[in-house]
Each structure stands twice: as structure tokens, then as C-alpha cells.
Amino acid sequence: MATTLARFSELFRSTSIRQVRLVCGVILFAYVVSHFLNHALGNISVEAMQTGVYYHVLFWQFLPVAILFYTAALLHAGLGVFALYQRRQFRWKTVEPLQLVLGLSIPALVMAHLIGVRLAHTLYGHEKLYPQELYLFFVASSARLWQMTILLVVAWIHGCIGLYFWLRMKSFFQRAAPWLLSAAVLIPTLAMLGIYQGGRSVAADSDDADWRAANLTQRQVGTVAQDHTLNRITGGLTFGYLGLLGIVLLARGVRGLRERRGGMIALSYGNGKTVRVPKGLSVLEASLRHNVPHASVCGGRARCSTCRIRVIGDHGILPEPSQREAFVLARVGTTDPSIRLACQLRPTCDLSFFQLFTPHTAASTEGSTPARIGQERYLVSLFVDMRGSTQLAEKRLPFDTVFIVNRFLGAVSQAVIENGGQPNQFVGDGMLALFGLAANPQTACRQALRAAGSIASHVDELNELLSHDLRQPIRFGIGIHGGEVIIGDIGYRDHIVFTALGDAVNVAARLQDMTKALACEAIASDEVRHTAGLAEDALPQQEVAIRGRDEPMTVRVIADARLLAGLVDREERAAA
């Protein structure tokens, strides 16, 4: 129970307003996709659209789904208005203010359609479906057709921009981008063609008196008086919404006036650069406003810590870290109160600081490879270390020791490559290997476990080959853990390497260290066991304390790593 509460507490602390808005936006975009696909059925017939809308309504008006949908709609719209007030800097990227403007225009554009269909059904029992709506657009009021077309385009572009900002840092995005672009073009195109074809059909059928008698009854479209009432409600709510936006803009102006009257503060960057800004701007916003290069991989969303600064002088007068900032700093193991996130810190007095990560401002030299930075994905890290290398070096010539260590690392690397992994870093007589750069999490976990078994077999072969020269066989320890990491190019100038950074990598290294105390060849986290699909009782279980973590961690202790390959193979055959 305590563990569950701790996890919920961590989840709550790690959730920002942006993430809530993202989740709500994904729910709304799923509704838009469903609606667009329903419109696309008009390329077949109006009857096909009618059949499709039956299942569309059946799903989206199912009570739990409806509650989730309307809650998401209200939260997303409310947080969008709040973002208009909160946002102080609109010069980051042109597409971001564009997305905000498009999002804020959607409630005003959708008001008439929502009230004309949903509220009319609630108040008067109207049953407006495709024949009635298409008749309105193509026969009764062509202006409504243009309004609906603009709504479709605006909603789709707004959603696509949001998905792009979310997915661009995911590992699969580069591979999926052509398919996503195709869908982003085809779905709205087919939807609007479906509306056009359905509208033409309805316009032709509306000349028939029998069709009008069957589809334009008072129960379906209501009376003139009811229509006037709905129009008044639409106008009132639209003006109310526009008034709300006006109040927000006025509040921004009042805030700016108060800040200017409250005085300016000076931000000193520690390199002689000083800028003066109104109180209330974040340090990152101040840097962007004055074109001062400042590292920020996630774009100021508090999803990374690359904008970190170290405050010079008294940090006690600074505002307390927000919940999100405190979570991010805790995740990177920062306990120094002088270290803050520039995107979250809004100083109220003069501040001196220096950036912990220098941004890349110099242009790339001709023929250089662009840096890969900021990609977030699930990887499995495998740390392996050669035991007893210090004693080995004491009794051998240096070049002999290097020869044996290189043979060991060669055997380990071969095992990793054979099982789909990538040798990544070599540190002395140890190595970090990464799995999952081109595989899904389950496959990556299975590959890492197989690789551990292959490492044991390859080291056995090496021991046999060097038996005449070794007093004791080479021993090793392996730590395996999986999780979300950031992969990219790390280093300086000509000394840049591709690697992974994150808690999952650190944990794997610490599990490898524990193999000495637990007298085993390998330790894998229960996360790897579970994701690989191995049975609960497949490997011995143990609770261990991980340095830097408050809660104990469940791991699987493997005394003989050679058994892992066969164990994974058996599980795969059983699953098949």
C-alpha cells in the first residue's frame, strides 16, 4: 500500500499542466479522427455516413466515454485560455503561437454546430443527422458550409501540430513520419470530399417533396422559433467566449503594466552579459527575448534539465521551486538549492548565474555530421565488468594485461552484437551495451537477457583458449535494466560519442556492482523480466536498496548467466 501511494505521489509530482493539456488533446484528437473517418464515408453514400455515425455515437456517448470526452474538452479549452494568459514570450517558434491561436479559435467556430446538434437534442429532442446537416450546409445556408470547412481545417492543423510537438522526440518518429504525414493529408482530404459528395447527393434529393417530408420534419429540424432561440444562445455564448479572451488579454496588459511599474531586474549571465527584464519572466524567457543563447532541448516544457543554471550569491531570496521543477531536479539527483531550471525560475530581484550546459551556437563545419540530441525512448542497458583485472595487472606486463582485457571486451562485444545489441561505451575493463535502438521494448529485454547468456558462453571459450596463461579463469558481473532514457551525441568538438543518459542506465551500472556482494554473475531488474514476458517464478527474486532511490527495488538474481538464453527461448516457444 505504501509503495502504491508513493508511486501515485511521484506520478502527481511529475505531471505538469502541459501534460494534462496533452492528454486531453489526444482524447479530443481521437474524436476528431473518428468524426473525419465518418465524413469520409460520404464518398460511398449518405446511407454509409448514416451507418457510420450510428457506431460513432454509440461509442462516444457511452456514459464513461462521454464523461471522459467532455471533461477533456473543458480542461483543454480552459488550459488553452490559461496558456494565453501565462505565455510571456511568443518568439520561440512561429508554429507555437500559431497553434495557440488556432486552438483558441476552435470554441468560437464549433459553438454553432455544437448547440445546433447537441443542445437542440437536449432541449427539443431534435434528431439532426447527416441528411439534415448536409441540407443546411448545401441548400439552406451555404455560409455555414464555409464556417464548418474552416473549423475542420483549423481543428485538424491544431491537433497535428500538438502531436508533432509530442512525438518529435520519440524514437520511432523518424520512421513513422512519412506515414503520419500521409495520414495527416489523406484523412482531412477524404473527409471534405465525403462531405462534398454527400452534400451534392442531399442537394439533389431535396428537390423531391417526399424526401423533404421524410427528412425535414419538425422532430428533426425543429421550428423557426426554436431555431431563433438556438441562434440567440449561440450568439450569447460566442460573445461570452470572445469577452473571456478579451478579459485575458486585458489581464495580460494589466500584468505587464504592474510589472513595469514594479521595476526591472537585471540578469547577469556570469560571462559579462547582463540584460534588464520586467519581473515575472522566467530566466529562459528572458534569454530568448534578448537573443541570448540558452540550452533547452525540450523547448522550455520542463521535460529535461538542459536549461539548468547555478545561481551565484544568495539563493534564499528566490521563489520556491514549483512542483514540476522540484521533480525534475530530483530526477537528475540535484540537491543543491543554488541549481534551478531556467524555464521555471521567475526571479523577482537582480540575479547572477551561469549556465551549466553551454548551447551549441557555432555553425557546423562543412561535412560534419549533425548532432543527434534529445531523443527520448525505451532502451535496455547492459553493464558488464571484468572481475579481478587489478590482480591480473599486478602479475603481468602491461601489454599482456591490455591484450587479455581486449580479448575479454571483444568476446563481450561479439555476444552483444550477435543478439541485436550495440556496444556503446568502454570504461577500463567494462562495457555498456544498449538494446532497443531498432526494436520494441519486449524484444530489447529478450535480446539483453540472451546476450548475458552468450557473454557467459563466449567468456568460457576465452578461458579455455587462454587456460595455459591464466591462473584463474576470467570472471564477470552483469547488470541489466530498462527504462526511458535520452539518447544523443555527448562530448565536445572532435570528442563526441553517441550514448544514453538517464536513471535506467545508472541503475544498470549499480546492479552490476551488486553482483559482487550477491555472488552471482548477473542481476536483472524485475522490469526487464516482466517486459520480456518471463514467468513470475522464472528467476529468483530479491529486494535490494539502490543508491539514490528511496524505495527498494525488485531484482532477479542469476547465479549462472548461461541459463538465460535457454530460458528466453523456452518462454518464446511457449508463447507461440
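Computation of the quantities below employed the complete heavy-atom set of this structure, encompassing side-chain atoms and omitting hydrogens, waters and symmetry-equivalent molecules.
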Q: Quick one: CE on M514 to CE on M553, what's the gap to the nearest 0.5 Å?
A: 9.0 Å

Q: Would you verify whether the NZ or CZ of R255 falls within 45 degrees of the ring axis of Y85 while also being under 6.0 Å from that six-membered ring's centre?
A: yes

Q: Does a sphere of radius 6.0 Å around CZ in F426 hold more than 12 heavy atoms from other residues, nucleotides or ligands, not counting ones at 6.0 Å or beyond?
A: yes

Q: Just how far is it from atom CG of L180 to atom CG of L163, taken to the nearest 0.5 Å?
A: 8.5 Å

Q: Check step by step if side chain to side chain contact (heavy atoms under 4.5 Å, CB included) holds for L351 and S268.
A: CA-CA 6 Å; L351 184 68; S268 300; over 6 Å; no

Q: Does one side chain, of E543 or T554, offer a donor that lies under 3.5 Å from an acceptor on the other?
A: yes

Q: Measure the CH2-CZ distance between W156 and F29 for me, rounded to the nearest 0.5 Å.
A: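 Answer rounded to 0.5 Å: 4.0 Å.
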
Q: Is any side-chain N of the basic residue among E536 and R556 closer than 4.0 Å to the acidic one's carboxylate O?
A: yes

Q: Hey, is NE2 on H530 packed in by over 12 heavy atoms from elsewhere, all under 6.0 Å?
A: no

Q: Should the pair Y31 and W60 be assigned to parallel (<30°), tilted (30 to 60°) or perpendicular (>60°) ring geometry?
A: perpendicular

Q: Going through the distances and angles, do Y269 and S352 end up as a side chain to side chain donor-acceptor pair (under 3.5 Å)?
A: CA-CA 6 Å; Y269 285 77; S352 297; over 6 Å; no

Q: Determine, for D526 against R529, whether the closest basic-nitrogen to carboxylate-oxygen distance falls under 4.0 angstrom.
A: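 Judged by the 4.0 Å cut-off on N to carboxylate O distance, D526 and R529 do form a salt bridge.
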
Q: Stepwise, does the side chain to side chain contact (heavy atoms under 4.5 Å, CB included) test hold for L104 with L84?
A: CA-CA 9 Å; L104 292 173; L84 175 63; 3.8 Å; yes

Q: Find the distance between OG1 (T515) and CD1 (I558) and round it off to the nearest 0.5 Å.
A: 10.5 Å

Q: To check you understand the geometry: which heavy-atom pair defines the closest contact between A452 and I480, and what is its length?
A: CB-CD1, 4.0 Å

Q: Side chain of S34, backbone of A30: donor and acceptor closer than 3.5 Å?
A: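 No, because the side chain of S34 does not come within donor-acceptor range (under 3.5 Å) of the backbone of A30.
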
Q: Side chains of Q447 and T443 only: does a donor on one sit below 3.5 Å from an acceptor on the other?
A: no

Q: Roughly how far, to the nearest 0.5 Å, is the CG atom of L341 from the CZ atom of R308?
A: 8.0 Å

Q: Working to the nearest 0.5 Å, report the span between CG of L434 and CG of L382.
A: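 So the CG of L434 and the CG of L382 are separated by 9.5 Å.
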
